[in-house]
> 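Just dropping this structure here.
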Amino acid sequence: MVAKIISGREVAEKILTTDLKNRVDALNKRNIKPKLVVMLVGDVKASASYVRQKEKFAVKAGIASEVVRFESSATEDEILNKIDAINNDDKIHGVIVQLPLPDHISITKVLNKIDPSKDVDGFTPTNVGKLFLGEETLVSCTPKGIMQMLASTGVDLTGKNVTVIGRSNIVGKPVSILCQQQNATVTMCHSKTKNLNAKLSDADVVIVAVGVPKFVDGSQIPEGAIVIDVGIHNIDGKLCGDVDFESACEKASAITPVPGGVGPMTVCALIENTIIAAERIN
Ligand code: NAP
């Protein structure tokens, strides 16, 4: 079998320039101009390139975006005070703090400071709790983007077996909940899982978010499975994912590439969350 490529780049482009653009036009008619603020602390090269992509996608959907930069020496109080100001600014609908943060700044304190109604990364305890309870919320961006890519394949997850490798708070756990909400049977794997291959053997969908280059290869993927590769690594200047793309392509029915798969969908979901936050304003 030769896998169909699920292009996150194409799916994102379509969502941004049709559905999201139309929703922004409708908001503009109500005199609401959705605005996203990205807070960037320090000089992390990878963060800077993610931020550039966020700005580019904001333009495509027609929303405003602003990057607020801090030196890596900025104090925790400076960051918290800025979040306070953003929480109280009616013209700003969404805010994210680009991770990682310097060691002297508590991620927990920073996330807890963000007003959940502006938490477009979906990382605050309130929004994570609502996701868990199946309530309407701002769903964190990578899992949301993954679900949109799965939807783009036309797969109905009801009764399907989904194996998720990785249980992080930002990918593995939330995506497993979203798949369960669509009636899939989910198997969660992590570093202490025994006999991973057995857990993969009857998977209809495999989602890999491990953070190890080419961790899963074609020999472990059941014939015809859909493969979502969340990982992203720069090996000697070449990007690859957590899945060995070439061998996986021979077994999967559909697969996300790296780059151009989950990455653009994550940013697209961030823009959509900002629009949702703006739409909720009366
Ligand atoms: P993370 O927080 O480091 O979590 C990794 C997970 O993988 C953990 O649950 C860990 O298990 C599990 N794991 C590690 N080694 C394993 C092994 N040998 N067997 C089975 N499970 C193992 O990572 P993350 O934040 O979810 O990110 C994962 C990857 O996705 C990274 O490459 C990251 O850069 C990428 N990512 C990409 C995007 C995007 O937009 N494209 C967004 C987010 C993340 P334990 O819990 O037992 O330690």
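Small disclaimer: the values here were computed from a predicted structure and weren't measured. We count ligands from 1, going down the list as the structure has it; atoms in each ligand are counted the same way.
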> Closer than 4.0 angstrom, basic N to acidic O: yes or no for D25 and K29?
no
> Using a strict cut-off of 4.0 Å, indicate which atoms of ligand 1 neighbour a heavy atom of G263.
40 (O), 41 (N)
> Among all protein heavy atoms, pick out the one at the shortest distance from atom 20 (C) of ligand 1; state its residue, atom name and that distance to 0.1 Å.
H190 O, 3.0 Å
> Check ligand 1 against H233 and write out every atom of the ligand that is under 4.0 Å from a heavy-atom position of the residue.
32 (O)
> Atom 17 (C) of ligand 1: which protein heavy atom is closest, and how many Å away?
F215 CZ, 3.5 Å
> Under 4.0 Å, heavy-atom basis, I'd like to know which part of V210 is in contact with ligand 1: side chain, backbone, both or neither.
both
> Can you tell me the protein heavy atom closest to atom 40 (O) of ligand 1 and the distance?
T266 OG1, 3.1 Å
> Would you find a donor on one side and an acceptor on the other, under 3.5 Å apart, between the side chain of N161 and the backbone of D204?
no
> Which protein non-hydrogen atom lies closest to atom 43 (C) of ligand 1, naming both residue and atom, and how far is it?
V171 CG2, 3.8 Å
> Between V230, V258, D229, flag the one that comes closest to atom 36 (N) of ligand 1 by a heavy atom.
V230
> Can you tell me if E136 has over 12 outside heavy atoms packed within less than 6.0 Å of its CD?
no
> Closer than 3.5 angstrom, by distance alone: can the side chain of T137 be matched with the main-chain N or O of L131 as a donor-acceptor pair?
no
> With atoms numbered from 1 as shown, which atoms in ligand 1 lie under 4.0 angstrom from a non-hydrogen atom of I170?
25 (O)
> Name the closest protein heavy atom to atom 12 (C) of ligand 1, giving the residue it belongs to and the distance to 0.1 Å.
G166 CA, 4.0 Å
> Without swapping roles, check the side chain of E279 against the backbone of V24 for a donor-acceptor pair under 3.5 Å.
no
> Has the side chain of D244 got a donor or acceptor atom that lies under 3.5 Å from a matching backbone atom of V216?
no
> Identify every side-chain donor-acceptor pair in residues 257-271 under 3.5 Å, counting partners at least two apart or on other chains, and give the distances.
unit_1, atom_1, unit_2, atom_2, d
T266, OG1, T142, OG1, 3.1
T266, OG1, V262, O, 3.0

> Could you list which atoms of ligand 1 come closer than 4.0 Å to a heavy atom of G231?
29 (C), 30 (O), 32 (O), 35 (C)
> Using atom types as modelled and distance alone, determine if a side-chain donor or acceptor of D19 lies under 3.5 Å from a backbone N or O of I15.
no
> For residues 31-44, run the donor-acceptor check on the side chains, cut-off 3.5 Å, and write out each pair with its distance to 0.1 Å, sequence neighbours left out.
unit_1, atom_1, unit_2, atom_2, d
K35, NZ, E66, OE1, 2.8

> Are the side chain of K118 and the backbone N or O of I114 linked by a donor-acceptor pair below 3.5 Å?
no
> Between K60 and E13, does at least one N-O distance fall below 4.0 Å, as a salt bridge requires?
yes
> I'd like to know if the side chain of N273 reaches the main chain of V120, judged simply by a donor and an acceptor atom lying under 3.5 Å from each other, with no hydrogens or angles considered.
yes
> Ignoring hydrogens, tell whether any protein atom lies closer than 4.0 Å to atom 33 (C) of ligand 1; use the non-hydrogen atoms only.
no
> Please confirm whether C189 approaches ligand 1 to less than 4.0 Å, judged on its heavy atoms.
no
> I'd like to know if D84 and K113 make a salt bridge, using a cut-off of under 4.0 Å between side-chain N and carboxylate O.
yes
> Is it true that M265 lies under 4.0 Å from ligand 1, counting heavy atoms only?
no
> Can you report which non-hydrogen protein atom sits closest to atom 2 (O) of ligand 1, along with the distance?
S168 CB, 3.3 Å
> Say whether K192, considering both its backbone and side-chain N or O atoms, lies within less than 3.5 Å of an N or O atom on ligand 1.
no
> Which protein heavy atom lies closest to atom 42 (C) of ligand 1, and at what distance to 0.1 Å?
T142 OG1, 3.3 Å
> Please check atom 27 (O) of ligand 1 for a protein heavy-atom neighbour under 4.0 Å.
no
> With respect to atom 31 (C) of ligand 1, which of G211, G8, G145 exhibits the smallest heavy-atom separation?
G211
> Which residue and atom name correspond to the protein heavy atom nearest atom 46 (O) of ligand 1, and how close is it?
R167 NE, 2.7 Å
> Quick test of your reading of the structure: of P264, G241, S191, C240, whose heavy atom lies closest to atom 11 (O) of ligand 1?
S191
> Quick one: does ligand 1 sit under 4.0 Å from the side chain of N169, the backbone, both or neither, non-hydrogen atoms only?
neither
